[in-house]
Amino acid sequence: MADAQSVKSNRTTENVTDGTKRGSVIDFPERQNEEISNLKSGDPELASHLKRLSEMFNERYEKTTNPGDLASAIQYCTAAISGTPADHPSLPAMHHDLGVSLLSKYKQTNNLEDLEASIKHSLVAINMAPGGDTNVPGMYTQAGVSYRVRYKRIGKLNDLKAAIDYGEAAVATVPLGHPGLPSMLFNLGETARDKYYNTGKRKDLDSVLKYFLAAIAGTPIGHSTLPLMHQNLGFSYSDRYRKLGDLGDLDSEIAHFEKAVSGTPNSHPNFPRVSQNLGFAYQSRFDMKGDLRDLGTALGCFQKAVNAMPEGAPSLPLMQLNLGTTYTDRHRKTGEENDMVAALKYLVAAVSATPEGHPSLSTMQRSLGECYNDRYKKTGDIQDLEAALKYHLAAVAGTYEGHPAFPSMQQSLGVCYNDRYKRTGNMGDLDASLTYLKAAVAATPVKYSNLTGMYQNLGACYGDRYQRTGNMEDLDSALEYFLAAVDRLAKGHPQLPGLYQSLGACYGNKYQRLGDIQDIDAALKYNLEAVAGTPKGHPHLPTMYQDLGLSYGQKYQRLGDLKDLELGIKYQLAAVGELPKGHPDLPSMHQDLGTSYDVRYKRIGDLQDLEAALEHHLEAVITTPTGHPSLQSRQQNLGASHGDRYHRLKDLHDLETSLHYFLAAVGGTPEGHPSLPTMHEGLGVCYISRYARTGNAQDLKASLKYHHAAISGTPEGHYDLPPMYLALGVAYFEGYYVTGDVPYLQDALKYYEMAVKETPENHPSLAKRQNKLAKSYALKYEISLNVEDLNMSYDLYKSVLHSQTAPPQQIWDTAVEFTQQTKYFTTEKILEGYKAAFNVLPSLLWLGSPLKNRHDTLIFKDVSGVMSKAVTTALEIGDIKLAIEFLEQGLSTTHKQALQLKNDYLILHSSHPDLSTKLHEVSVQLQGSSYTLNPTANYHELALERQEMIAQIRKKPGFEAFLMPLTYSKLCAAAKNGPVIMLNYAVSRTDAFIIMNLESLPYHLPLPSVTAINVKHHQDLLKTGLQILQIHTRNKNGMEVQQPQPDFKLAWESLQTVTNWLWVSIVKPAFDVLAEHNIDNGRLWWCPSGPFTYLPLHAAAPVNRRFIQSYILTLETLINVNIKQESVYGNNLLTAVGVSKTLITTPDGTWSEIPSVEKELETVTKIFGNESQQFQGPQASSTDIVEAMKSSSWLHLACHGEQVPRNPLQSGLILHKEKLSLAQILNINLDNAKFVYLSACETAMGDGQLPNEAMHLTGGFISAGFQGAIGTLWNMTDTDGPAVAEMVYQAILGEDNFPDVMKAAEGLHLAIRNLRKAHVPRYRWMPFVHFGI
């Protein structure tokens, strides 16, 4: 920034620093000198001629900058003053001119005597000038300029005060509109700015702006000095922006620099500097707003500045420096490789062209070091890091201590040492980093704005040392410096979000160490403020999203609230989505997102989450260059996820892959590195898993070796120690389990106890650690027979079962494990485990997971087996009601969830209509997400919202048990219209429970002749008979079609044997009990479980038996459809759909034609009369049928049906060109639905792996809202369809011709009885079944 030009006085006032000439220019002062030599001493004209000669030399000096001309000007002016009488009116002007020339000489020689003489003559001129002299303003201005120059040289505040006083005096002595006033105001603004830099006071800065604005306002457009004025005004707005953080000042800075550039020709020598200043302003705005367009504009300005400089110009390296550092900045934001190449090109050129000892060389070396450091962080090439360190060391060595830039040089060097520490784990590098960063802070005055960034870097370094040592003093120091940095900035300052982000990370570390929930709240608070204070599109926003997501994840880990985990994943997904492909920050974001998916998998058990975790961890690894410092941690996480999948699916390939990545991580990590202990831990887990699989003693040895190495490499008190103790305990326990060596068990107990002891109370991981310790104490009791060991085991198990923070999977697994400890604990205590298991089952089968994933969990966790064992255990103490409650809770769990989504609002509506309506809306949306193959992205959020609403409802009086599992006192309402017979199958025993009515106690009927062997035998008989008849049947692997076999007699005998056995072993004993209670006719419902869901219980009774038999999925289902039947009246409209021939093909060919469909629809619609609508053949599209279902209460479907056991949601009804799938059916909300007749094959066949889940089409229609349904277990004979349908619908309409859903079961009963009396084969009438009311 140039000083304003000096102001010379003359006899004409036009010459006051307005850029005009001071009279005619004499080109030949030597000729004038000859004339003077002819004058004698004492001649009255001599002084005048000497003065004129001085002016001529001065004018020529201004053009030539020849020191000889300036010396001659001073010589002749001094002589002129000596020869001029003291009272001569020209003498003040001569002193003024001499002062101006002496100031010019000082600027040439830097000789302080010249400056002192300049001030002396300027003051003499002012003192001698008479009042009203028009030259006085210029004299005041000149004196002010000289005093300002001396202030800059010596630093005395008195000189600065004098400069301002004389500048203000100059302004005060000229009228508004005076041509010299703008330059005076400009000079005064420059001096006022010096004062502001000294005081830092807002009022002084406001004065600067006032003077510069006034100077510009008084200067004509196009004036040559206007660009300089705009430039300096821009600098002043920049000063105010840095002080107050007001982005409006930054915009004003840019606006005035733009005017400076536009007013300066490209060929002007000042153009490079002016263009560069504009670039700096755009760069500052980019730093605050993050708009890459500003950074691009800045690059353009710097490029123009470089292009305008001639090769070899002294200031070219500085211009290259600015251009290179800006390319570095853009590379940091975009990851664009070309920017890195350009940055290195210009920075290397700048350093190479700058000689040793140049004052700017150190700055260039530092910038080049930072650029190499950036390339290291992207490529991981250690040579780049060493080059960075080399240039940072050179920068510090080339800067003398006490230089204003020295602290920032130390800071950059400290950061570089910290990066090398993170690569090598060398504590010497970390110590060096702290040394330089602390020195930088100590050497920086408190008033300097860059101290804020130094505090932040020093805090981060203390944080790194804490991570290494676990020393709380380091963590406290980190917090201290981060908070000190925040305190230095005004509210709303653009640097605050970055500091809040650092504080959030620090408090997160503190929470991990101490477990204080207040620390996680503080972490969330600061991370939320960081995000809130960062504008959309800002380059730092993705990392802030990332850190906010991590904080929510930590909160979830503590409190177990899935909403926090969902928010964490939401922000991490946003972070990944904000960055372009190839961005250097993406690998770390994929790594963190993969970890969050891992956490959710461990909570919910959803394999999709585990697959997502693997996908993101793999992406993190493959996008991280070899040699990158973070590669090993990403390999470690990928290995851990493969280990998780191995433990889920038991695929040995996953275990070997896990081992591969852990070995790679450990092999690439130097000794002493802070991450090495956790890698050793993971490797130890891999080896112990393989030992458990293979029994190879070398794997046990390796596991113990790595686990001990992990612990020995972790400082005492470090928060990673408890999980390491646990992992080592697991290895010792596995050694005991395989070998039986008691010392292994003793060591396992020792480390489990250490893990539990050092885990904070209510920590989410405490339950897992207590579980391990509980099991070990139980085993110890076997050896010691010390009851204290057994009591300790029980107390630990109980603590886990009642944990409020443990993940549902942990509670379920612990409960199931506890229920297996029958040789240790009483039956009453074992029942506590079953109760805990079923209490947590709704959370285990979280509605936020797609239906398929919940079914996978049912299989994986063997919920059916646990249910049957729970029932059996309750019977051991004679608690029949509890047994029924257990059986109910384990039946059709996902089906009950579907009904809750549809019916929950009915119960609530009368008392809280608004809350009911809102709950219903959310449930409908969630229903649409849960029962699709590709759920919407927000279904987790919908589930959480519904969960919160239910918690709110349970606070309402009378709704404390809203949607909780029903107790027997409410379950018995299922027998309102007739008895319900529940069947429980366990390997050890089989039992029936008969609920007669609402008043009687439930009846327990043991079925001793029904054993696992004969159940399997009769299942096989049924399968054999149907296969002979070419009828599809179920087995655990799905549906099969066998080739015809000739022995039809064997087929009929097989079916006969099955029904006879069912009659003798199950049905007749149950009917006998009913007869004893005077019940021998009317409605009856079967509620089977396990293998009984495959067996035709309804077909076992003789034809003369008068019970009208139906099936029901659960007691609660029957209760709900009863409620709906009484509250929803529906309409009389029937929708009839018939498809005799389909265009859909199967893997085995095409579907056969169904000839009787047209006749069947004609029969059904004739019965219903005008209250019916038909869709036949090509008209029967799934879209039209779904819409028709919504408007009608009665539905008849005559077509093919298909069961897909491996993917039950794909089961469906075969239409003309498409399939109406179970997923679509479950997704329909049918408030008016009454009854559906599924005149199709396989519509009541479930999934062999999920016998208790009723995953068939008939159950799906009940879930969709129908109160009753008729379906088939297997293929039916085509000609039977019309006959059975006719009798069913005649019964439904009755004599009064008004449809009654309660009559459908009676109609089917009559139709089947007619078929049986007509002696049709069993396989024809057996498949027809009725569900619902």
Side-chain angles (χ1 to χ4, degrees), residues 425 467-468 470 512 598 602 632-633 635-644 646-647 654-759 763 765-766 768-773 775-776 779-780:
Q467 295 280 358
R468 174 65 176 267
Q512 281 186 309
D598 271 327
K602 288 169 184 173
Q632 286 71 40
S633 68
Q635 291 171 324
Q636 175 187 10
N637 287 328
L638 180 55
S641 289
H642 274 289
D644 288 337
Y646 163 73
H647 288 293
D654 276 322
L655 182 56
E656 296 298 339
T657 304
S658 177
L659 193 61
H660 163 78
Y661 282 114
F662 272 113
L663 285 169
V666 169
T669 305
E671 284 295 326
H673 193 281
S675 298
L676 190 58
T678 59
M679 295 176 185
H680 280 150
E681 179 193 6
L683 189 52
V685 170
C686 280
Y687 275 114
I688 202 62
S689 297
R690 194 166 72 176
Y691 171 69
R693 179 75 174 257
T694 65
N696 186 331
Q698 292 302 315
D699 286 336
L700 175 60
K701 183 178 179 180
S703 177
L704 292 173
K705 166 191 167 184
Y706 284 112
H707 280 306
H708 277 292
I711 290 171
S712 63
T714 304
E716 188 175 345
H718 198 281
Y719 56 82
D720 278 339
L721 275 177
M724 290 178 179
Y725 290 144
L726 181 74
L728 180 54
V730 169
Y732 276 117
F733 186 88
E734 197 63 43
Y736 168 73
Y737 185 80
V738 173
T739 66
D741 292 346
V742 174
Y744 282 136
L745 179 60
Q746 292 170 337
D747 284 333
L749 269 166
K750 168 187 170 184
Y751 286 106
Y752 285 156
E753 285 179 331
M754 292 171 69
V756 169
K757 181 181 178 182
E758 296 200 18
T759 303
H763 194 284
S765 298
L766 180 61
K768 180 179 181 180
R769 295 162 195 174
Q770 289 174 320
N771 174 225
K772 298 292 186 184
L773 186 55
K775 186 173 183 179
S776 297
L779 289 173
K780 183 185 176 188

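FYI, the numbering just counts along the sequence from 1.
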**Prompt:** So, do H707 and V685 sit near enough that their side-chain heavy atoms are less than 4.5 Å apart?
**Reply:** yes
**Message:** Distance check, rounded to the nearest 0.5 Å: I688 atom CD1 versus Y706 atom OH?
**Reply:** 14.0 Å
**Asked** Do H642 and Y661 have side-chain heavy atoms sitting under 4.5 Å apart?
**Response** yes
**Asked** Which pair of heavy atoms, one from G717 and one from L721, lies closest together, and at what distance?
**Response** N-CD1, 3.7 Å
**Request:** Indicate the atoms forming the closest heavy-atom contact of P722 with T759, along with that distance.
**Result:** CB-OG1, 3.8 Å
**Prompt:** Salt bridge or not for D644 and K602, using N-O below 4.0 Å?
**Reply:** yes
**Asked** Would you say the side-chain atoms of Q632 and S675 include a donor-acceptor pair closer than 3.5 Å?
**Response** no
**Prompt:** Under 3.5 Å, side chain of N696 to main-chain N/O of Q698, donor-acceptor pair present?
**Reply:** yes
**Asked** Any side-chain heavy atom of L683 within less than 4.5 Å of one from Q636?
**Response** no
**Item:** Note, K775 side chain near F733 side chain (heavy atom, < 4.5 Å)
**Value:** yes
**Request:** Quick one: closest heavy-atom pair of Y752 and S776, and the distance?
**Result:** CE1-OG, 3.1 Å
**Message:** Taking the side chain as everything from C-beta on, heavy atoms only, tell me whether K705 gets closer than 4.5 Å to H680.
**Reply:** no
**Item:** Approximate separation, where rounding is to 0.5 Å, of Y646 OH and S689 OG
**Value:** 6.5 Å
**Request:** Would you please classify the geometry between the H708 ring and the Y751 ring as parallel, tilted or perpendicular, with 30° and 60° separating the classes?
**Result:** perpendicular
**Fill in**
Heavy-atom nearest pair, G639 first then F662, reads C-CE1, 3.5 Å
**Asked** Is the shortest heavy-atom distance from the side chain of L745 to the side chain of Y737 under 4.5 Å?
**Response** no
**Message:** Contact between E734 and L700 at the side-chain level, heavy atoms closer than 4.5 Å - yes or no?
**Reply:** no
**Asked** What closest approach, in Å, do S703 and G684 show between heavy atoms, and which atom pair accounts for it?
**Response** OG-O, 2.8 Å
**Request:** Taking all heavy atoms of L655 and all of C686, pick out the closest pair and write down the distance.
**Result:** CD1-O, 3.9 Å
